[in-house]
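Below: the structure, in structure tokens.
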2 protein chains.
Amino acid sequence: MPPNRPIPDAAPPPAGRATIADVARAAGVHASTVSRALNPATRGMVTEAVALRVAEAADRLGWRPSALAAGLRTRKSRTIGILVPDLVNPIFPPIVRAAESLLAAQGYATLVANTDNDPAREEMLISRMAEHVVDGLMMASAAEGTHAIELCARFGIPTVLINRRLPGATTSAVTNDDRHGIGLAVSHLVALGHRRIAHLAGPRGVSTAIDRREGFLEALRAAGLDPGPVVDAAGYTRAAGRVAMETLLAGPSFTAASFTALVAANDMLCLGVYDVLRSRGLRAGVDLSVTGFNDMPFVDLIDPPLTTIRIQHAAMGREAAEALLAEIAEPAAPRRDTRLVPELVIRASTRAPRQEH
Amino acid sequence: MPPNRPIPDAAPPPAGRATIADVARAAGVHASTVSRALNPATRGMVTEAVALRVAEAADRLGWRPSALAAGLRTRKSRTIGILVPDLVNPIFPPIVRAAESLLAAQGYATLVANTDNDPAREEMLISRMAEHVVDGLMMASAAEGTHAIELCARFGIPTVLINRRLPGATTSAVTNDDRHGIGLAVSHLVALGHRRIAHLAGPRGVSTAIDRREGFLEALRAAGLDPGPVVDAAGYTRAAGRVAMETLLAGPSFTAASFTALVAANDMLCLGVYDVLRSRGLRAGVDLSVTGFNDMPFVDLIDPPLTTIRIQHAAMGREAAEALLAEIAEPAAPRRDTRLVPELVIRASTRAPRQEH
DNA sequence: TTGTAAGCGTTATCAT
DNA sequence: ATGATAACGCTTACAA
């Protein structure tokens, strides 16, 4: 026997992290038996006694199966990607959180990334998700002209859209019934007696903006009213809301002549609207009725509390996660297009119009 | 030659996803050469011409290297875990976002999970992170009595604490100078003329609560004042703020007799404070001066706008990510304990005390 | 400069 | 019911 040959099977002190082989040795069985004993799906193939012995050895050694090795073999990473435009926008955390909770309960880890509404960045992130072999992807960042869907298809990543839809997409989506929602706002204002209602629309190319704009026009038509001025915001931000509001007021002297109420495409824009009103010594509710959309956290606390359309944040995250898992489990299953129904929340930013001056 | 032997090297139509072998075949080189050509670190080992040919073949085939396979080999996943108590708490999104952006730029993907302030859940999530072989972990959820640190150490996961420290921990941490910050609030109130100042403290066992409470007492002592009543909130939530505020007012009839100003341990608690004041027909600023901590998004918009201590949310995420990467690159390097310095933001919730009645 | 071969830690297939 | 073995897709000594 050659003198320097390593002694076979002389249990080496598990230097780094324990592996399945260490556990096998400790339990006096083969690695494949360990795998079977600890995988719930194959537990039945193994004797009760062995299963116990293995489990005991495993947690005595503090063994954690490597998701990398398992994933390499099974082609499943037990990881789901979530893409949001910007996690700081308060509507996303509740969605992401709800999705993460549900996914964690199913044993999935969640990869989160911000696209900054930048298509190039979005593509880069999708590629990275592909490299990490995510089992599925949730996208809240869809905007017209993106190649995201094709990219996901090419990588074979099951995908579900959240919050925003994509026109011709064949992807599952969980969104709000935006047309209906904005209609709620219009009806409320009409019921209060408003007749000239303006719209502060969202950025071009985003489904929520398009649907809410159309819903606005439609609701007015249904009420037999002519639409007031409509201005597009450059993005769903407070700053863009300010700019658009300035445009809407067109010049320094605002009179109630042109419109008495404003339906904004979302809450964030309303923050900008409030800024402009305040800077002119005007007050939402009193001088101009204002409605938002989303009922994002804390708009009940701003001054005046915002009348808005409440969407089901958590349900959106949950349903999207469920749809995704269903699609992963059954790739051939038909796609779902879920519309969550929003509701009107009346606060202090809407009132009957003042008497004409 | 046996008739049924598969033809060797007859390029099989790449059924699923392209692998490094497909690229190698397409470029007429060996897989190891592909690896070298595409890895920036080893690019130099390979001829310019070959590198080009490989790169071309790679993106013609749309090849994405599997992070699973690479990670299994290198024992690095290029993945960082982030643990937060609750992503819906508005102080965390900016931190997570800043960290994610920096990490993404360095080629890391980010695994995010919510602990719900539940130690058992926290341990479970750390284990899961270990299974996914994260290269490092950022924890914003540290609370007294957690085994998180030991767990990370056992798994050999480099860890940095964010926002909250842990008493005896040997881990790097990026936190606020909480004592100094709360001192700013106290000084401001004293300068306004307040002499009886109460404290609404954070939940037991959390470093931010402890430091702010001590900082509060210390600042009062420095000002030669006796501390007003101090009450602990059960958690950093609006509801807990409400409960604690009721306790502080002790009964239905509030008179300014007991204190004229309230220093709360964070902004979220102030929302509860506002609720209680409102329910009693009192007004922050007018009837009671109130200060918060964090300057979380939108507290500038609530009514009245909250005077608070602004922390550097984004810097916290960035610095923590940097510290973590540094530690990954140089595990032997000494730990850092970074304190970010907060600043006072004066708004309308603080004023000189009213005349005594 | 490039190819060869071994190995990372699992799971799936096959044999016993 | 369990063990042996190969394979997942990549990186990295080592050899040429």
Side-chain angles (χ1 to χ4, degrees), chain A residues 6 8-9 12 14-54 57-58 61-78 130-133 155, chain B residues 6 9 12 14-54 58 61-78 130-133 135 155-156:
Chain A
D9 275 339
R17 219 175 121 148
T19 80
I20 199 172
D22 298 324
V23 177
R25 205 171 306 124
V29 298
H30 193 269
S32 48
T33 302
V34 173
S35 175
R36 284 186 282 247
L38 265 24
N39 179 335
T42 50
R43 164 102 22 102
M45 305 176 132
V46 111
T47 319
E48 182 74 5
V50 171
L52 248 51
R53 199 143 42 88
V54 167
L61 298 188
W63 175 66
R64 303 276 81 197
S66 160
L68 264 36
L72 177 56
R73 178 64 233 239
T74 60
R75 290 138 167 278
K76 259 127 193 47
S77 64
R78 300 221 56 111
E131 294 180 10
H132 282 273
V133 198
F155 290 133
Chain B
D9 276 338
R17 222 175 120 147
T19 80
I20 199 173
D22 298 325
V23 177
R25 207 171 303 124
V29 297
H30 192 270
S32 53
T33 303
V34 173
S35 175
R36 286 186 279 250
L38 265 23
N39 179 337
T42 50
R43 165 99 24 99
M45 304 175 136
V46 110
T47 319
E48 181 76 3
V50 171
L52 250 50
R53 201 143 41 86
V54 168
L61 297 187
W63 177 66
R64 304 277 81 199
S66 160
L68 263 36
L72 178 56
R73 177 65 231 242
T74 60
R75 289 140 167 281
K76 261 133 192 44
S77 64
R78 302 223 55 112
E131 294 180 11
H132 283 272
V133 197
D135 295 340
F155 290 133

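In what follows, chains are A, B, ... by sequence order, proteins preceding strands, each numbered from 1.
- If you take CD of B/Glu131 and P of C/dC8, they are 20 Å apart, rounded to a whole angstrom.
- Residue B/Thr33 places no side-chain N or O under 4.0 Å from the OP1 or OP2 atom of C/dT2.
- Within 3.5 Å, a donor on the side chain of B/Arg36 pairs with an acceptor on the base of C/dG3, or the reverse.
- Annotation for A/Leu38 and A/Ala58: closest pair CD2-CB, 3.9 Å, computed over non-hydrogen atoms.
- The closest donor-acceptor contact from the side chain of B/Arg64 to the backbone of A/Glu131 lies at 3.5 Å or more, if one exists at all.
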Would you please test B/Thr42 and B/Ser35 for side chain to side chain contact (heavy atoms under 4.5 Å, CB included) and show each step? CA-CA 8 Å; B/Thr42 50; B/Ser35 175; 5.8 Å; no

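- Atom CZ in B/Arg78 sits roughly 16 Å away from atom P in D/dC10 (whole-Å rounding).
- Within 4.0 Å (heavy atoms only), A/Arg75 reaches sugar-phosphate atoms of the nucleic acid but no base atom.
- B/Ser32 comes within contact range of at least one nucleobase, with a heavy-atom separation under 4.0 Å.
- Summarising the geometry, the separation between CD on A/Glu48 and C1' on D/dT2 is reported as 16 Å, rounded to the nearest angstrom.
- With distances taken from any side-chain atom of A/Thr47 to the nucleotides D/dT2, D/dA6, D/dT12, the minimum falls on D/dT2.
- Regarding B/Asn39, its CG atom lies at a distance of 11 Å from the C1' atom of D/dC10, rounded to whole Å.
- In this structure, A/Leu68 atom CG and C/dT11 atom P are separated by 13 Å, rounded to whole Å.
- In this structure, B/Arg43 contributes its side chain and B/Ala37 its backbone to a donor-acceptor pair below 3.5 Å.
- Taking the side chain of A/His30 as heavy atoms from C-beta on, and the options D/dT11, D/dA4, C/dT10, the nearest nucleotide is D/dA4.
- Each of B/Val46 and A/Trp63 was matched to the nucleotide of DNA chain C holding its nearest heavy atom; the match closer to the 5' end belongs to B/Val46.
- Evaluation of atom-type donor-acceptor distances gives no pair under 3.5 Å for the side chain of B/Thr42 against the base of D/dT11.
- Comparing D/dT12, D/dG9, C/dG9 against the side chain of B/Ser35 picks out D/dT12 as the nearest.
- Rounded to an integer number of Å, the gap from CG of A/Leu52 to P of D/dT2 is 12 Å.
- Regarding A/Ile20, its CD1 atom lies at a distance of 14 Å from the P atom of C/dC8, rounded to whole Å.
- Put simply, the side chain of A/Arg17 never gets that close to the backbone of B/Gly156: no donor and acceptor are under 3.5 Å apart.
- Closest approach of A/Val50 to A/Val29, counting heavy atoms only: CG1-CG1, 4.1 Å.
- Closest-nucleotide positions on DNA chain C for B/Val29 and A/Thr19 were compared, and the one nearer the 5' end corresponds to B/Val29.
- Of the candidate nucleotides D/dT11, D/dC10, C/dG9, D/dT11 has the atom nearest to the side chain of B/Thr74.
- Rounded to whole Å, the distance from NE2 on B/His132 to C1' on C/dT10 is 14 Å.
- Of all nucleotides listed (C/dT10, C/dG3, D/dT11), D/dT11 comes nearest to the side chain of B/Ala70.
- Between the side chain of A/Arg73 and the base of C/dT10, no donor-acceptor pair of N or O atoms lies under 3.5 Å.
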